[in-house]
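What you see is a predicted model, and the numbers here were worked out from it, not measured in a lab. Naming convention: chains lettered A, B, ... in sequence-line order (proteins, then strands); numbering from 1 in each chain.
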Protein chains: 2
Amino acid sequence: MSDRPELESARYAYEGLERVIHEKARLGILTSLATNAEGLRFAELKRLCALTDGNLNRHLRALAEASLVVVDKVGEGRGSTTSVRLTETGRQRFIEYLDELQRVVADARPATQRLARQS
Amino acid sequence: MSDRPELESARYAYEGLERVIHEKARLGILTSLATNAEGLRFAELKRLCALTDGNLNRHLRALAEASLVVVDKVGEGRGSTTSVRLTETGRQRFIEYLDELQRVVADARPATQRLARQS
């Protein structure tokens, strides 16, 4: 550890901000699912995250490919519903991501306040 | 306010996660600059954020276009250095962004812990 941690190599690289999670809409989707442990229907997720069908579908595909969520179709045709839930892998990787996010806030917030006092 | 805030419309849309700031590398750049109020040289920023010349240049251009940072070239030719600092606009918008980031953590962290207890 150097005397001036704010100048350490890669000090602010934030490698833990995993790309598949860091997208703004996906943060909303994962938080919605963490908050609703029994899972959510497609229409509920869409409303909670203020997303279009197309965008929600696209993000769910990416999250499912990364094994972070499971998407289940229940029923057939017009009566079918889609239900989505967080996997245990998803929960654990989201926790690790949140730890790194917390580090960003902890690094940046005191610094922005110091700057305010100087100006 | 509904009885169940976790089901409110657009509850997890996180509109405050401004796109120009939310990119992982830019979070590092802005945090580095907030932490080093007098500004940083290009080479220092590159090292702190573990970025290539090309990537750092690209991100600085986007941040400067949004008036969040100022990039100054000092000197000429091989002896020239590039110095970067946060603008007052940049500082204020970064604070607003950090407020929203804090909301994500506050929403998501207790939820991921509740899930752990249930499984």
Side-chain angles (χ1 to χ4, degrees), chain A residues 4-19 22-25 27-38 40 44-45 47-51 86 88 90-92 94-95 97-119, chain B residues 4-19 22-25 27-38 40 44-45 47-51 86 88 90-92 94-95 97-119:
Chain A
R4 298 190 57 194
E6 76 277 17
L7 292 177
E8 265 167 44
S9 209
R11 172 69 183 79
Y12 303 110
Y14 301 124
E15 291 302 339
L17 295 184
E18 202 187 341
R19 202 161 288 274
H22 188 61
E23 219 278 342
K24 176 171 110 168
L27 283 184
I29 294 168
L30 294 172
T31 303
S32 302
L33 294 174
T35 311
N36 293 276
E38 69 290 1
L40 285 167
E44 292 171 321
L45 256 182
R47 189 171 53 79
L48 285 168
C49 302
L51 290 169
L86 202 57
E88 177 55 24
R91 192 183 69 81
Q92 283 172 4
F94 193 35
I95 288 175
Y97 171 90
L98 290 170
D99 287 343
E100 188 82 327
L101 212 55
Q102 187 78 68
R103 267 188 288 274
V104 176
V105 175
D107 286 340
R109 189 177 295 285
T112 55
Q113 283 157 0
R114 268 196 307 278
L115 277 184
R117 284 198 299 274
Q118 285 166 9
S119 66
Chain B
R4 300 189 56 192
E6 76 277 17
L7 292 177
E8 267 169 44
S9 209
R11 172 70 183 80
Y12 304 110
Y14 300 125
E15 291 301 340
L17 295 183
E18 203 185 342
R19 202 161 290 274
H22 187 61
E23 219 278 342
K24 176 171 113 168
L27 283 183
I29 294 168
L30 294 172
T31 303
S32 302
L33 294 175
T35 311
N36 294 277
E38 68 290 1
L40 286 168
E44 291 171 320
L45 256 182
R47 188 173 52 79
L48 284 168
C49 302
L51 290 168
L86 202 57
E88 177 56 23
R91 193 185 68 82
Q92 283 173 4
F94 193 34
I95 287 175
Y97 172 90
L98 290 170
D99 287 343
E100 187 83 326
L101 211 56
Q102 188 76 68
R103 267 189 288 276
V104 176
V105 175
D107 286 341
R109 189 177 294 286
T112 56
Q113 282 157 1
R114 270 196 306 280
L115 277 182
R117 283 199 300 273
Q118 284 166 9
S119 67

Looking only at heavy atoms, which two atoms of [X] and [Y] are closest? And how far apart?
X	Y	value
B:Glu23	A:His22	C-NE2, 4.1 Å
A:Leu98	B:Thr112	CD1-CG2, 4.2 Å
B:Asp107	A:Thr35	O-OG1, 4.2 Å

Considering only heavy atoms, which portion of B:Leu86 lies under 4.5 Å from any heavy atom of chain A: side chain, backbone, both, or neither?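 It is the side chain, since no backbone atom gets that close.
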Is B:Phe94 close to chain A through its backbone or its side chain, or both, or neither, when contacts mean heavy atoms under 4.5 Å?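 When you check distances to chain A, only side chain atoms of B:Phe94 fall under 4.5 Å.
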Looking at [atom1] of [X] and [atom2] of [Y], how far apart are the two atoms once the value is rounded to the nearest 0.5 Å?
X	Y	atom1	atom2	value
B:Arg103	A:Thr31	CZ	OG1	12.5 Å
B:Tyr12	A:Asn36	OH	CG	6.0 Å
B:Ile95	A:Arg109	CD1	CZ	7.5 Å
B:Leu101	A:Leu101	CG	CG	4.0 Å

Note: B:Lys24-A:Glu15 ion pair, threshold 4.0 Å (strictly below):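 The answer is yes: the pair qualifies as a salt bridge.
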Which one wins on heavy-atom pair count under 4.5 Å against chain A: B:Ala34, B:Ala50, B:Pro110, B:Ala25?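 Most heavy-atom pairs within the cutoff with chain A belong to B:Ala34.
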Which answer fits A:Gln92, side chain, backbone, both or neither, if we ask what part of it has an atom under 4.5 Å from a heavy atom of chain B?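 Looking at A:Gln92, nothing touches chain B.
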Can you tell me which of A:Glu44, A:Arg47, A:Gln102 forms the most heavy-atom pairs within a distance under 4.5 Å of chain B?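 Counting heavy-atom pairs under 4.5 Å, the top option is A:Arg47.
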